[in-house]
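A short worksheet on the structure shown next.
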Amino acid sequence: MASVKLHVKKDDMVKITTGKDQGKEGKVLRVLPGKGRVIVENLNVVKRHTRPNQLNPEGGIVEKEAPLSISNVMLICGSCNQAARTGVRLLEDGSKSRYCKKCNESVDK
Ligand SMILES: [Zn+2]
């Protein structure tokens, strides 16, 4: 399976670059690498009508975050506080680290 290049991870702050929540910012709750999608807290919320079930005996409308395409979010750099493109560089110990292409600071602590 082709691996999707992921530029965001769980707990990253991201900015939505397109769609109805364009320009909004939120925290990544989940990354779905196989689908190339992310779920961002309180963003891209959709209302779902549910039938009554054990969890929700009344049924009704449930609000839930829908996955966004990972290409529609940009990482917000913790150093310069801007939505930025990221690159990956190799560290001296051989591990990879993401960095912000705006301020050149490492994004991964
Ligand atoms: Zn930066």
**Study point:** Verify same cluster id: Met74, Leu6 (apolar side-chain graph, 4.5 Å)
**Key:** no

Check your understanding: Quick one: does Lys15's side chain have a donor or acceptor within less than 3.5 Å of a partner on Gln22's backbone?
Key -> no

Practice item. Is it possible for you to say whether Val31 and Ile76 belong to one hydrophobic cluster, with membership spreading through side-chain heavy-atom contacts below 4.5 Å? Key: no

Check your understanding: From Cys100 SG over to Gln82 CD, what is the distance, rounded to the nearest 0.5 angstrom?
Key -> 7.5 Å

Review point. Can a salt bridge be assigned to the pair Asp108 and Lys96 using a cut-off of 4.0 Å between side-chain N and carboxylate O?
Key: no

**Study point:** Under 3.5 Å donor-acceptor, Ser97 side chain and Leu91 backbone
**Key:** no

Point to revise | Shortest non-hydrogen separation from Arg37 to Ser69 and the atoms involved | key: NH1-N, 3.8 Å

Practice item. Say whether, by atom type as modelled, one donor and one acceptor occur between the side chain of His7 and the main chain of Val73 under 3.5 angstrom. Key: yes

Point to revise | More than 12 heavy atoms of other groups within 6.0 Å of Glu58 CD | key: no

Check your understanding: For Glu65, which of Leu29, Val38, Val46 qualifies under side chain to side chain contact (heavy atoms under 4.5 Å, CB included)?
Key -> Leu29

Review point. Considering all heavy atoms of both residues, which atom of Ser95 and which atom of Asp93 are nearest to each other, and what is their separation?
Key: OG-OD1, 2.7 Å

Review point. With side chains defined as the heavy atoms from C-beta onward, is the minimum distance between Arg89 and Ser106 less than 4.5 Å?
Key: yes

Point to revise | CZ (Arg48) with more than 12 external heavy atoms under 6.0 Å | key: no

Review point. Has the side chain of Asp21 got a donor or acceptor atom that lies under 3.5 Å from a matching backbone atom of Leu43?
Key: no

Exercise for review: Please check if the side chain of Thr17 supplies one atom and the backbone of Asn72 the other of a donor-acceptor pair under 3.5 Å.
Suggested key: yes

Point to revise | Side-chain donor/acceptor of Asn56 to backbone N/O of Asn53, under 3.5 Å | key: no

Exercise for review: Indicate, with yes or no, if Val28 and Val45 share a hydrophobic cluster defined by side-chain heavy-atom contacts under 4.5 Å among Ile, Leu, Val, Met, Phe, Trp and Tyr.
Suggested key: no

Point to revise | Interatomic spacing from CG in Asn44 to NZ in Lys24 - rounded to 0.5 Å | key: 9.5 Å

**Study point:** Least distance between heavy atoms, Ile39 atom then Pro67 atom
**Key:** CG1-CA, 3.9 Å

**Study point:** Gly26 backbone acceptor or donor facing Glu41 side chain under 3.5 Å
**Key:** no

Revision key, fill the gap. What one should report as the nearest heavy-atom pair of Val107 and Tyr99 is CG2-C, 3.8 Å

Study note, to complete from the structure: Tightest non-hydrogen contact, residues Lys102 and Cys80, listed as CB-SG, 4.2 Å

Check your understanding: Between Asp12 and Leu75, is there a donor-acceptor pair closer than 3.5 Å when you use the side chain of the first and the backbone of the second?
Key -> no

Point to revise | Pair Arg30 + Asp11, salt bridge at N-O below 4.0 Å | key: no

Review point. What are the two closest non-hydrogen atoms of Glu105 and Ser79, and how far apart are they?
Key: CB-OG, 3.4 Å

Point to revise | Hydrophobic cluster membership, Val14 vs Ile70, 4.5 Å side-chain cutoff | key: yes

